[in-house]
Amino acid sequence: MNQTDNTDDDSTPRDFIRDIVHEDLNAGRTASVVTRFPPEPNGYLHIGHAKSICLNFGIADEFGGKCHLRFDDTNPTKEEQEYIDAIQEDVRWLGFDWGENLHYTSDYFEQLYSWAEHLINQSMAYVDDLSADEIREHRGTLTEPGKNSPYRDRTPEENLALFQQMRAGEFENGAKVLRAKIDMASGNINLRDPVIYRILHAEHPRTGNEWCVYPNYDFAHGQSDALEHITHSICTLEFEDHRPLYDWLIENLPVPSEPHQYEFARLNLTYTVLSKRRLMQLVNDGHVAGWDDPRMPTISGYRRRGYPPAAIRDFASRIGVSKSNATVEVQSLEACVREDLNKNAERRMAVLKPLKVVIENYPENQVEEFDAKNNPNDENSGTRKISFSRELYIEQDDFMEDAPKKFFRLSLGREVRFRYAYFITCTDVIKDDAGEVVELRCTYDPETKGGNAPDGRKVKGTIHWASAAHAVDAEIRQYDYLFSEEVPGANSDGDFLADINANSLTVLSECKLEPALRELPLGETVQFERIGYFCADKESSSDKLVFNQTIGLRDTWAKKKS
RNA sequence: UGGGGCGUAGCCAAGUGGCCUAAGGCACCGGCUUUUGAUGCCGGCAUUCGGAGGUUCGAAUCCUCCCGCCCCAGCCA
């Protein structure tokens, strides 16, 4: 990839951040680009993170630079190894590689501590004995300036000693904090002597009990960037207010490089909730089966659901990067999934809601095999054999007794094509005592083998089917949006749980699948013709096949009906 | 009433004074093709850029004022 000029290539995305990178490279402000994706390991990655991952790794790729994966693990009360592992798996699955550059903010704790001492020595930081409540009271409000802490003017010597005692574990949580000494009257609240170190007697997933003082985000992030020689530190809009503090620390500390922070708008998706707090609540309160529940907007949820990683990357590039608060319609993501799968997924036949069909003029014990294309849109995808016999299943929705003219499927007296097999005519409808259609008697036209009539006659509809003797049973789980409102909680004062869609999961238990589906490997998504895309679930076993519906095919017929 | 941002079609989003009577994608609406009512293909979809003034031969792009929305008062990130 050309390092200095990606602007001529229409296929690479353009946005204000890439423009800045491009200019910086051209102007020689940096020789190469180093970005980083800095998750806090306190939850699973979601589609919003994917946007950031694609941005950071994407820029590194396009400009011939590097992108680090850095765990921002400065708060041991919330972080866990489980998340560290899951995050790496998810980033890798998305298709990105951080190479040697796996870092942890906790690797820099010693350096960060000594930089805190440096600040103290410069009279730019002090130990404050005020309680959290008192600090808040002194901070002032959005419109009124704050008041100096009575401990603000301790000498460097005193502060140093106190800070060392903090580190030595001589104080309880909350007894003291280290604050940067900046300006209690600043209009930017982040500059009103921000807390930069707090006492936390907690076990850290990586450093164990080595520390009981931890730097907070502001004191850790920029310096970590500097230590890793990050050139462009990209974060979301809510950190814009922190940039002056970020810059202040970089200026006042003897850091080895001078990174710059740039902010973009985080992703919002309709019918979706995208905050770790809310996702965590869905998991902990049992509204979903876990972080990887196929209804979750997490990377692991999408993976289990059967979304291809390339579709997520495509989505990230289509929505672009800007600074305007945007809520993208989920349909846009779904379009990417359909586009990828339509191109790449092999086709199979499966009947979700079976209706028995008996071909009365078809020999009792005869079985024929037909060639079915694995992907009609891809000539190189080959074919497979499918078995046809006297007793079959079709989709309940593909039969209608009193069918309107526009109904192209099976009806009493009407002829349709059974995909890849024969033209079939329905001759009789069998109902149970309740009047429900339970079986169809049909005839086939032997002349139409393969699906074409030598006399040139046409049928309007082609439907899919499964041979009763050959099909395998499976459970299929279909998913709808987890929320019934575009913006969950918008109409109920933020109570997003009030908008949970009670019908987000439908379990179909008597599905009839083409036998080859028994061997479908985990992680591969196929199309069930005329229905949608499906993949085997991790709970699937040879005893009981379980499939997830990734997404349905577009259905203009269903749209017309309603 | 402090500070920081943002406002281009239903939803994203290009555009940074003249080739803009404004890209592209999603959605939507037509038509054609089709052994998936899928896909594909073709066409339609902002005389207008939050509003009002102004500068200019010329403005979505510059200036002024106004309006609307988002973020910030964690010892979270």
Side-chain angles (χ1 to χ4, degrees), chain A residues 10 14-15 38-40 42 72 74-75 77-78 128 130-132 135-137 139-146 173-179 185-192 194-200 214 216-218 220-221 235-244 263 265 267 270 276-277 314-315 317-336 338-339 342-343 347 349 372-373 376-377 406-409 416-421 423 450-452 458-464 486 527-532 552-560:
Chain A
D10 290 342
R14 287 292 308 276
D15 54 65
E40 183 191 10
N42 67 342
D72 213 345
T74 58
N75 186 350
T77 66
K78 293 188 173 171
D128 197 343
L130 255 29
S131 69
I135 287 180
R136 188 183 324 117
E137 285 158 18
R139 188 150 33 224
T141 68
L142 294 179
T143 53
E144 301 156 29
N173 286 355
K176 289 178 169 36
V177 291
L178 184 70
R179 295 228 254 167
S186 172
N188 182 344
I189 288 174
N190 294 300
L191 263 23
R192 318 241 264 227
V195 169
I196 56 177
Y197 257 93
R198 71 294 211 198
I199 299 170
L200 250 28
Y214 292 91
N216 71 167
Y217 169 84
D218 287 306
H221 206 96
C235 62
T236 44
L237 251 29
E238 64 270 27
F239 292 101
E240 251 173 334
D241 290 343
H242 293 242
R243 192 172 63 230
E263 312 85 11
L267 172 69
T270 56
K276 281 194 204 166
R277 199 205 101 233
D314 184 31
F315 173 68
S317 102
R318 285 194 205 186
I319 59 176
V321 178
S322 76
K323 299 191 71 153
S324 53
N325 251 308
T327 300
V328 178
E329 296 172 327
V330 248
Q331 289 81 359
S332 185
L333 206 211
E334 295 175 339
C336 295
R338 287 199 183 96
E339 187 177 304
N342 173 55
K343 207 178 314 163
R347 316 282 120 134
M349 288 211 285
K373 292 178 176 169
N377 295 345
K406 287 286 190 183
F407 185 80
F408 301 154
R409 284 110 100 147
V416 296
R417 172 166 41 232
F418 274 32
R419 177 142 236 227
Y420 296 124
F423 281 14
N452 286 304
K458 303 284 184 202
V459 288
K460 276 271 186 41
T462 299
I463 66 176
H464 59 95
E486 277 205 4
Q527 182 192 104
F528 290 178
E529 293 210 46
R530 301 210 311 131
I531 303 175
L553 251 32
R554 254 190 210 91
D555 191 348
T556 50
W557 168 241
K559 204 181 289 177
K560 247 177 231 162

Nearest-angstrom distance, C1' atom, B/C19 to B/U64: 31 Å

For B/C20, give the paired nucleotide (Watson-Crick: N1-N3 plus N6-O4 or O6-N4; G-U: N1-O2 and O6-N3; both under 3.5 Å), or none. none

Work out how far the P atom of B/A59 is from that of B/G17, and round it to whole angstrom. 14 Å

Under 4.0 Å between a side-chain N/O of A/Arg192 and OP1 or OP2 of B/G3, yes or no? no

Select one nucleotide: of B/U36, B/A77, B/G2, the one nearest the side-chain heavy atoms of A/Thr143. B/G2

With the side chain of A/Trp557 defined as its heavy atoms from C-beta on, choose the nearest nucleotide among B/G37, B/G4, B/C76. B/G37

I'd like the C1' distance from B/C29 over to B/U16, given in whole Å. 34 Å

Please determine if a side-chain N or O atom of A/Arg277 lies less than 4.0 Å away from the OP1 or OP2 oxygen of B/G74. no

Looking only at atom types and distance, does a side-chain atom of A/Arg198 sit under 3.5 Å from a main-chain N or O of A/Gly174, one as donor and one as acceptor? no

Please step through side chain to side chain contact (heavy atoms under 4.5 Å, CB included) for the pair A/Asp241 and A/Ile189, ending with a clear verdict. CA-CA 8 Å; A/Asp241 290 343; A/Ile189 288 174; over 6 Å; no

Rounded distance (Å) that lies between atom P of B/C72 and atom CG of A/Asn190: 10 Å

Once you round to the nearest 0.5 Å, how far does CZ of A/Arg530 lie from CE of A/Met349? 10.0 Å

Nearest-angstrom distance, C1' atom, B/A9 to B/A23: 13 Å

A/Phe315 CZ to B/A13 P, straight-line distance once rounded to whole Å: 11 Å

Identity of whatever pairs with B/G43 - Watson-Crick or G-U, under 3.5 angstrom: B/C29

Any donor-acceptor N/O pair under 3.5 Å between B/G37 base and A/Arg409 side chain: yes

Once hydrogens and angles are ignored, does a donor-acceptor distance under 3.5 Å link the base of B/G10 to the side chain of A/Glu329? yes

Check this for me, if you would: do A/Glu40 and A/Lys78 make a salt bridge, where the nitrogen-to-carboxylate-oxygen distance has to be below 4.0 angstrom? no

Separation of A/Arg14 atom CZ from B/G15 atom P, in whole Å? 6 Å

Return the orientation label for the A/Tyr217 and A/His221 ring planes: parallel under 30°, perpendicular over 60°, tilted otherwise. tilted

Heavy atoms of other groups near A/Lys323 NZ, more than 12 under 6.0 Å: yes

So is the aromatic ring of A/Tyr217 stacked onto the base of B/A77, judging by whether the centres are under 5.5 Å apart and the planes are under 30° apart? no

How far does the C1' atom of B/A14 sit from the matching atom of B/A60, given to the nearest Å? 12 Å

What is the glycosidic conformation of B/G74: syn, defined as within 90° of 0, or anti? syn

Presence of A/Arg318 side-chain N/O under 4.0 Å of B/A13 phosphate oxygens OP1/OP2: no

Spell out yes or no: do the side chain of A/Glu144 and the base of B/U1 have one donor N/O and one acceptor N/O closer than 3.5 Å? no

Do the side-chain N or O atoms of A/Arg554 get closer than 4.0 angstrom to the phosphate oxygens (OP1, OP2) of B/A27? yes

When the nearest nucleotide of RNA chain B is assigned to A/Gly451 and to A/Lys78 on a heavy-atom basis, which residue is associated with the more 5' position? A/Gly451

Partner of B/C62 under the Watson-Crick or G-U wobble criteria, both distances under 3.5 Å, comes out as B/G54

Give the nucleotide from the list B/C26, B/G2, B/U36 with an atom nearest to the side chain of A/Leu142. B/G2

Which of these nucleotides, B/U39, B/G37, B/A27, is closest to any side-chain atom of A/Gln331? B/A27

Roughly how many Å apart are B/C49 and B/A22, using the C1' atom of each and rounding to a whole number? 8 Å

Between B/C76, B/A73, B/A27, spot the one nearest the side chain of A/Asn75, thanks. B/C76

A/Asp241 (side chain) and B/G3 (base): donor-acceptor pair under 3.5 Å: yes

Specify the residue among A/Thr74 and A/Arg417 whose closest nucleotide of RNA chain B lies further upstream toward the 5′ end. A/Arg417

With respect to the phosphate group of B/G74, does any side-chain polar atom (N or O) of A/Arg136 fall under 4.0 Å of OP1 or OP2? yes

A/Arg419 side-chain N/O to A/Gly451 backbone N/O, donor-acceptor pair under 3.5 Å: no

A/Ala132, nearest nucleotide to its side chain (from B/G4, B/G37, B/C75): B/C75

Between B/C28 and B/G10, how many Å separate the two P atoms, rounded to a whole number? 15 Å

A/Thr270 side chain to A/Val330 backbone, donor-acceptor under 3.5 Å: yes

Between atom CD in A/Glu263 and atom C1' in B/C6, what is the gap in whole Å? 13 Å

Any A/Lys559 side-chain nitrogen or oxygen under 4.0 Å from OP1 or OP2 of B/C28: yes

Taking atom P in both B/U8 and B/G54, compute the distance separating them and give it to the nearest angstrom. 25 Å

Residue-phosphate contact under 4.0 Å: A/Ser186 side-chain N/O, B/G2 OP1/OP2: no

Please check this pair: side chain of A/Ser324 against backbone of A/Ala326, looking for a donor-acceptor N/O pair closer than 3.5 Å. no

When you measure from the side-chain N and O atoms of A/Thr556 to the phosphate of B/A38, is any distance below 4.0 Å, counting only OP1 and OP2? yes

Find the distance A/Arg347:CZ to B/G40:P and express it as a whole number of Å. 11 Å

For B/G2, what is the paired nucleotide under Watson-Crick or G-U wobble rules, both distances under 3.5 Å? B/C72

Is there a side-chain polar atom (N or O) of A/Arg139 under 4.0 Å from OP1 or OP2 of B/C75? yes

Tell me whether the side-chain N or O atoms of A/His242 pair up with the base of B/A77 as donor and acceptor below 3.5 Å, since no angle test is needed here. yes

